[in-house]
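The structure under discussion appears below in the form of structure tokens.
The analysis underlying the following values was restricted to heavy atoms, covering all of them including side chains, and did not include hydrogens, waters or symmetry mates. Lettering of chains follows the sequences in order, A, B, ..., and the numbering in each one begins at 1. Being a predicted model, the structure only gives us computed values, none of them experimental.
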Amino acid sequence: MPELPEVETTLRGLEPHLLGHSINDVVVRNAALRWPIPPEVFQASGRTVARCRRRAKYLLIDLDAQTGEKRCGLIIHLGMSGSLRICSAGDTPRKHDHFDLVLDNGHCVRFNDPRRFGALLWRSGPALNHQLLRELGPEPLSNDFSGELLRQRARGRKGAVKNFIMDGRIVVGVGNIYASEALFMAGIHPSRPAGRISAARYDALAAAIRDVLSRAIRSGGTTLRDYLNSAGKPGYFAQELLVYEREGKPCFQCGAAIRRKVIGQRSSYYCPSCQR
DNA sequence: CTTTACGCCTGACGGC
DNA sequence: TGCCGTCAGGCGTAAA
């Protein structure tokens, strides 16, 4: 699925179509997403989009509220296989097109998600106070994120560092692909206990996380299976992946065969000689 | 507190 | 051709 770069790419594509426009209607064809789409989302009808932003892998569409009314908006998550694209309001829905935000300009934002792990939620009150967002760690591309922070939070932890950096309470947005990539770039073995990594190596890891995520955003994200951006086009970062899904192929640094290992029920890829 | 396993879904693929 | 098992980019929840 969409990890942080894919969500960010989607946001950037949608924003010009949404900002300042009114949502005329919300069309729900299948409410059975990860959580049932709540009827409150229909309150979006007739409201203007005041702001589009991303927190972790959540897309936040903030709507204008009437005077004296609480702030409100929509929260969208793409799950494992979700995508949002701009369509003409009259386009025939395809399989797995579960909902539309119909805009005032003849376009709509259409959500497609074969596996239905995604979500559309309504929020009233500040978005960042929402239960799903409240406990999240820092954004990896912000100044709140650093190797020092990782080192502190890892103190005493015995679990694998790969699971540690994929824990959204530590740092958000690092999914299965970019976790493997960043650990390779930093030369750290994915199974190494998080509490047994030096401050210097955590600095390298934080830098690698920033670097891989920002490069992936520049390439429009990684398309391995489902991901498409808001214009229905794939991202191109897959061709820059160093270890992910390269089991048995030679390491680009040393030539050793890349290995795959299941850590925390997820496939992890690493170079047994470059990563310690 | 940390850590682990599971399940929500569909679809693609490989083996028989 | 079909059937079955496995796997897939997330993440909340329960339980250890």
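Remark: the Arg116(A) side chain and the dC9(B) base include no donor-acceptor N/O pair separated by less than 3.5 Å. Residue Arg115(A) places a side-chain atom within donor-acceptor reach of the base of dA8(C), judged by atom type and a 3.5 Å distance cut-off alone.
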Represent DNA chain B in dot-bracket notation, 5' to 3'. Only Watson-Crick or G-U wobble pairs with both distances under 3.5 Å count; pseudoknot-style crossings use [ ] and interstrand partners use |. .|||||||.|||||||

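Taking 4.0 Å as the cut-off between side-chain N and carboxylate O, Arg29(A) and Asp97(A) do not count as a salt-bridged pair. For the pair Arg53(A) and Glu15(A), the salt-bridge criterion is not met [side-chain N within less than 4.0 Å of a carboxylate O]. Contact check on Arg47(A) versus Asp62(A) returns no salt bridge, with no Lys/Arg side-chain nitrogen under 4.0 Å from an Asp/Glu carboxylate oxygen. Between Glu8(A) and Lys57(A) there is no salt bridge, since none of the side-chain N atoms of the basic residue sits less than 4.0 Å from a carboxylate O of the acidic one.
As judged by a 4.0 angstrom heavy-atom cut-off over every strand, Tyr178(A) is placed among residues making no nucleic acid contact. Contacts of Asp226(A) with the nucleic acid, taken as non-hydrogen atoms under 4.0 Å apart, include base atoms.
A sub-4.0 Å separation between OP1 or OP2 of dC7(C) and a side-chain N or O of Arg266(A) is absent. Using a 4.0 Å cut-off, no side-chain N or O of His96(A) falls inside it from OP1 or OP2 of dC9(B). OP1 and OP2 of dT10(B) both lie 4.0 Å or more from every side-chain N or O belonging to Ser81(A). In this structure, His77(A) does not reach the dG10(C) phosphate: none of its side-chain N or O atoms is under 4.0 Å from OP1 or OP2. Checking the phosphate oxygens (OP1, OP2) of dT2(B), no side-chain nitrogen or oxygen of Lys158(A) falls inside 4.0 Å.
Atom-to-atom, CG of Leu121(A) to P of dC11(C) comes out at 13 Å; the value is rounded to the nearest Å. Rounded to an integer number of Å, the gap from Arg169(A) CZ to dT4(B) C1' is 12 Å. Rounded to a whole Å, the CD1 atom of Ile263(A) is 14 Å from the C1' atom of dT3(B). Taking atom CE of Met80(A) as the reference point, atom C1' of dC8(B) lies 10 Å away to the nearest angstrom.
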Give the table of side-chain donor-acceptor pairs shorter than 3.5 Å for residues 146-159 of chain A, with sequence neighbours excluded, one pair per line with atom names and distance.
from, atom 1, to, atom 2, distance (Å)
Ser146(A), OG, Glu148(A), N, 3.4
Ser146(A), OG, Leu149(A), N, 3.0
Glu148(A), OE2, Gln152(A), NE2, 2.9
Arg153(A), NH2, Arg169(A), O, 3.1

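With the nearest nucleotide of DNA chain B identified for both Gln265(A) and Arg153(A), Arg153(A) has the one nearer the 5' end. Nucleotides of DNA chain B nearest to Leu33(A) and Phe164(A) differ in position, and the one nearer the 5' end is that of Phe164(A).
Scanning all heavy atoms of the two residues, the minimum distance from Ala89(A) to Val102(A) falls at CB-CG1, 4.5 Å.
In this structure, CZ on Arg94(A) lies 8.0 Å from CG on Asn112(A), to the nearest 0.5 angstrom.
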Report each atom pair, protein N/O against N/O of nucleotides 12-16 of chain C, whose distance is under 3.5 angstrom.
from, atom 1, to, atom 2, distance (Å)
dG12(C), OP1, Tyr58(A), OH, 2.7
dG12(C), O4', Arg34(A), NH2, 3.0

Walk me through whether Glu247(A) and Arg259(A) qualify under salt bridge (Lys or Arg N to Asp or Glu O under 4.0 Å). CA-CA 5 Å; Glu247(A) 183 179 17; Arg259(A) 286 197 193 152; over 6 Å; no

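Relative to the side chain of Asn163(A), the nucleotides dA5(B), dC7(C), dT4(B) differ in distance, and dT4(B) lies closest. Between dG10(C), dT2(B), dG11(B), one nucleotide has an atom nearer to the side chain of Arg157(A) than all others, and that is dT2(B).
Atom CZ of Arg71(A) is surrounded by 12 or fewer heavy atoms from other residues, nucleotides or ligands within 6.0 Å.
The cationic group of Arg246(A) does not satisfy the cation-pi geometry with Phe184(A), failing either the under 6.0 Å distance to the six-membered ring centre or the 45° limit from the ring axis.
For the P atoms, the distance from dT6(C) to dC6(B) is 13 Å, rounded to whole Å.
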